[in-house]
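Written below as structure tokens is the structure these notes are about.
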Amino acid sequence: MGETLDLDVLQKSLAGTIFDGKLHLFPSIESTNTHAMQEAAKGAPHGSVYIAEEQTAGRGRGDHAWHSEPYSGIYVSILLRPQLAAADGLWLSLATGLAVQRAIENVTGLVTDIRWPNDLLSNGKKVGGILVEMNAEASRIRHAVIGIGINVNQRQFPAELRSQATSLRLEAGRGIERRDLLIEILRCLQKEIDSLIQPESFASACLEILGRLERKSTWIRGKQVFVDEAGGYTGVTAGLDEKGFLRVQTDDGVRRVLSGGVREQLAKG
Ligand code: BTN
């Protein structure tokens, strides 16, 4: 078994942040995202954080399961009540990807890639994923839950995941303290969120996110991809539009990826 997380240590390290006094740690839970959405419906406050040592039914994007080996990964969901229009939810996804990428680099020295919108990759394999779920009325977000899963100290993966998944331990060649990474993720996330959810800094925060993604992701331009949406199509990535959606140049013109997954289309040899 890997090291366990200590709620007191986490609370102290995050004193003064929006998460102060709002951390919840579970030895085992179905899914921190499911729990956070339930707590949100009951009125839990902005900045509540739900962390688990193990998930028995971890969920990924597109109805996939999220493999959640006990004490090896980070499984955390953050509840936000942002002043954002429902149509602007994508910014939370993009900002979280950048926050997690920065936190991983700060703690481990590993430079990960971001596969739009927010998969964290190392040497082409997935080391982290983000699932943002929202409850919105016609125009405004009531609450959003940002779920983050990071493969930290896994030494191996089930056979069906081995070709696509890796862990920070496998990439760095040494064990990584989950506590340090979790604290850094939450600190980096707060920085991103602070400017995004203030109406006066929203527009500049979006521009900044677009610029950073261009620099910090190899997937934004010139990547030959298959898009798992609208029956599936292929093309070459051609930047982000002003709303943060990925543009893909296809034989029939430029298309915008709205919600589907993107994967690399290797040239047939
Ligand atoms: C993906 O890449 O498909 C997103 C994976 C998100 C996994 C995290 S782990 C914590 C939170 N709880 C869940 O059930 N899912 C997210």
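Whatever order the structure lists them in is the order used to number ligands and atoms, beginning at 1.
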Side chain, backbone, both or neither: which part of His64 comes within less than 4.0 Å of ligand 1 when only heavy atoms are counted?
neither
Protein contact to [atom] [nearest heavy atom, distance to 0.1 Å]:
{"atom": "atom 3 (O) of ligand 1", "value": "Arg61 N, 2.7 Å"}
{"atom": "atom 15 (N) of ligand 1", "value": "Arg59 O, 2.6 Å"}
{"atom": "atom 9 (S) of ligand 1", "value": "Gln55 NE2, 3.3 Å"}

Less than 4.0 angstrom from a charged side-chain N to a carboxylate O is my criterion; do [X] and [Y] meet it?
{"X": "Arg155", "Y": "Glu69", "value": "no"}
{"X": "Asp119", "Y": "Lys126", "value": "yes"}
{"X": "Arg115", "Y": "Glu264", "value": "no"}
{"X": "Arg140", "Y": "Glu137", "value": "no"}

For Trp66, what are the other residues in its hydrophobic cluster, where any two members join if their side-chain heavy atoms are less than 4.5 angstrom apart?
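Answer for Trp66: Tyr75.
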With ILVMFWY side chains joined below 4.5 Å, transitively, what does Leu170's cluster contain besides itself?
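Phe157, Leu161, all in the cluster of Leu170.
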So, does Glu30 sit close enough to ligand 1 that a heavy atom of it is under 4.0 Å from the ligand?
no
Check whether any N or O atom of Trp66, backbone or side chain, sits under 3.5 Å from an N or O atom of ligand 1, and answer yes or no.
no
Just distances here: any N/O of Tyr75 and N/O of ligand 1 closer than 3.5 Å?
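Checking ligand 1 against Tyr75, no N or O pair falls under 3.5 Å apart.
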Nearest heavy atom to atom 4 (C) of ligand 1, choosing from Ile78, Ile130, Asn33, belongs to Ile130
